[in-house]
Amino acid sequence: MKNIENQYVMVGSKRNCKPFKMSYKTYGNGPNKVLFVMGFQLEGKFWSNVVGKYMEEPDKYTICIFDHCGTGSSGYSYFSTFKELAIDMIELINHLKWDKPHVVALSAGSAVAWELASMKPDLIKSLNMLSIPAFGIFSVKTMRQFLMLPFYSMLHGIKRQEMYSRLIVSDSFFNSPSKIKQGLNKEFVMPLTIKMHDGRYGLKYMSRFSHWIAFAFYKPKPMDINLTERKFPVVKFIGTDDPFVPKSLVDLHIKLFKPNLVYMCEGAGHCLQTEDPERFNKLSMEFIDSANHFKSDTIDSKEKNQFFETKFLQYNANYIIPSSNDPFPLKNSRLFSFLPKIIKYLKK
């Protein structure tokens, strides 16, 4: 994919916050406008393996990737909430003069995209939500896994970057043979995830703290309109081996977001677009094509509170790694279960 210089737009000037420069890049010149929203504390450039596939048809798609406030090449301005980050996106879309773009979002980026869609449902043409994690009180495990990375790294003698890699992709993918090159996937995914890890830990402390607070206190809400009134379709990708999406929340999220299509990716982890980019790109492109002809008024009123179809995909199915007696410490740690005993001991 051709390297393109960053472009910048000033956002926030009409709000009660200090304006800042938002960094973004655009690719292609096709009629299908697609805005890619990266996840928690990550730069837009990590969509490269997806964007590269789209750019095999540059006359069909126009792509935009960007860095959230406080990440990458974007400036830092304010104590971010997901709603504020969504308003930043609205200003970016207006700056690009795009009419109803398709939005593809990963992880916490899906929550930001949901806020955008809730505020401006007529602004987008479709919404693709990948691996939206638990938030608020349900996010305790997620936050613990990230915040305890340095501790577990020292305790178990595993490099922090490798532990991070094994958090965001499934163990079955990490240890299975690559479909692209000779060798195991971990040999090829580690360079990417190391850059993601180092980028997150390279953020300014205020940016990191701001994003953590936004994550911890966010509570997604249903839209005020029912399914027959929603003018855009929603697809949701869920990895069954995603440590950030508790199985108890899957049904809750489906009822909340009411996706028209659900892909249950069996054996996939959090960054499922990295584990099988060919399949994800094919399905996401097909969804964009179908969204261009979407008409909400054709929906059966009896189904207005239900999603329409669930499809099951096999990810790494031939390489499922059986549980060992020494499981990956970060995903199975019981450290906090011992804290009461430690405190009681110290009080003696």
Side-chain angles (χ1 to χ4, degrees), residues 9-17 22 24 26 28-38 44 54 60-66 68-69 80-106 108-130 132 218-237 253-262 284-301 303-309:
V9 56
M10 293 295 295
V11 301
S13 58
K14 296 182 180 180
R15 285 178 276 158
N16 187 26
C17 65
M22 173 181 275
Y24 71 95
T26 57
N29 57 359
N32 292 293
K33 308 296 192 291
V34 189
L35 181 65
F36 284 89
V37 189
M38 186 39 76
Y54 276 74
K60 184 176 181 180
Y61 301 101
T62 301
I63 305 298
C64 179
I65 59 176
F66 67 96
H68 289 294
C69 176
S80 309
T81 63
F82 285 173
K83 184 175 181 178
E84 291 287 346
L85 294 176
I87 296 173
D88 294 343
M89 288 170 54
I90 293 172
E91 293 192 33
L92 174 61
I93 292 171
N94 291 336
H95 168 74
L96 295 170
K97 297 181 180 179
W98 280 7
D99 180 36
K100 291 185 178 296
H102 303 273
V103 178
V104 182
L106 171 68
S110 294
V112 178
W114 180 255
E115 288 298 306
L116 181 154
S118 299
M119 288 187 287
K120 297 284 187 178
D122 294 328
L123 188 65
I124 67 173
K125 187 168 286 186
S126 72
L127 177 58
N128 186 334
M129 306 172 76
L130 287 78
I132 185 167
Y218 177 68
K219 183 179 180 180
K221 297 179 181 179
M223 290 187 179
D224 294 332
I225 56 177
N226 64 40
L227 203 55
T228 56
E229 297 170 330
R230 194 173 72 191
K231 302 300 182 182
F232 60 90
V234 176
V235 62
K236 197 170 187 301
F237 285 80
H253 277 180
I254 288 175
K255 291 177 182 178
L256 174 65
F257 300 117
K258 295 183 173 67
N260 303 79
L261 177 60
V262 178
S284 62
M285 289 175 176
E286 289 176 353
F287 179 71
I288 286 175
D289 289 340
S290 66
N292 289 329
H293 308 288
F294 177 76
K295 292 184 179 180
S296 61
D297 56 5
T298 62
I299 297 173
D300 188 336
S301 60
E303 297 178 323
K304 66 181 180 180
N305 292 317
Q306 299 176 8
F307 62 91
F308 304 131
E309 188 174 7

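Residues satisfying the ring-ring contact (aromatic ring centres under 6.0 Å, His included) criterion with Phe66, sequence neighbours excluded, are His68. Residues passing the side chain to side chain contact (heavy atoms under 4.5 Å, CB included) test with Asp99: none are found, sequence neighbours excluded. When the side chain to side chain contact (heavy atoms under 4.5 Å, CB included) test is applied to Ala111, the partners found at least two apart in sequence or on another chain are Phe82, Ile132, Phe135, Tyr218. Among residues two or more places apart in sequence or in another chain, the side chain to side chain contact (heavy atoms under 4.5 Å, CB included) test is passed with Ala86 by Val112, Glu115, Leu116, Met119. With sequence neighbours left out, Lys120 forms a salt bridge (Lys or Arg N to Asp or Glu O under 4.0 Å) with no residue at all.
Within the 4.5 Å cutoff, no side-chain heavy atoms of Val37 are placed close to those of Ser110. Leu92 places a side-chain heavy atom less than 4.5 Å from the side chain of Met22. Proximity of Asp122 to Lys231: side-chain heavy atoms (C-beta onward) are separated by under 4.5 Å at one or more points. Put simply, the side chain of Leu256 reaches to within 4.5 Å of the side chain of Pro220, judged on heavy atoms. Residues Ser284 and Asn128 have side chains in contact (heavy-atom distance under 4.5 Å, counting atoms from C-beta outward). Contact annotation: the side chain of Asn32 never approaches that of Tyr54 to less than 4.5 Å [non-hydrogen atoms, C-beta and beyond]. Annotation: side chain of Leu261 is not in contact with side chain of Pro233 (no heavy-atom distance under 4.5 Å). Inter-residue side-chain proximity for Lys236 and His253 is flagged as met; some heavy-atom pair is nearer than 4.5 Å.
Crowding of Lys83 atom NZ: a count of heavy atoms from other residues, nucleotides or ligands under 6.0 Å not exceeding 12.
Between Lys100 and Lys125, the closest heavy-atom pair is O-CB, 3.4 Å. In this structure, Cys64 and Leu96 approach most closely via the heavy-atom pair SG-CD1, 3.8 Å. In terms of heavy-atom proximity, Met223 sits nearest to Phe232 at CE-CZ, 3.3 Å.
Here Met89 contributes atom CE and Ile124 contributes atom CD1; the two are 8.5 Å apart, rounded to the nearest 0.5 Å. The distance from the NE2 atom of His102 to the CG atom of Leu127 is 11.5 Å, given to the nearest 0.5 Å.
Applying the side-chain hydrogen bond (donor to acceptor under 3.5 Å, both in side chains) test to every pair with at least one member in residues 87-98, sequence neighbours left out, gives these pairs: Arg15-Asp88, Arg15-Glu91, Tyr24-His95, Tyr78-Asp88.
With respect to Asp289 and Lys60, a salt bridge is recorded, a charged nitrogen being found less than 4.0 Å from a carboxylate O.
Judged purely by atom type and a 3.5 angstrom limit, Ser126 has no side-chain atom pairing as donor or acceptor with the backbone of Ile288. Side chain of Trp114 to backbone of Lys221: a donor-acceptor contact under 3.5 angstrom is found. Listed for the Arg230 side chain is a donor-acceptor partner under 3.5 Å among the backbone atoms of Lys258.
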Steps toward side-chain contact (heavy atoms from CB on, under 4.5 Å) verdict (Asn29, Tyr61): CA-CA 6 Å; Asn29 57 359; Tyr61 301 101; over 6 Å; no
Residues Val34, Val104; criterion side-chain contact (heavy atoms from CB on, under 4.5 Å); working and verdict: CA-CA 7 Å; Val34 189; Val104 182; 3.8 Å; yes
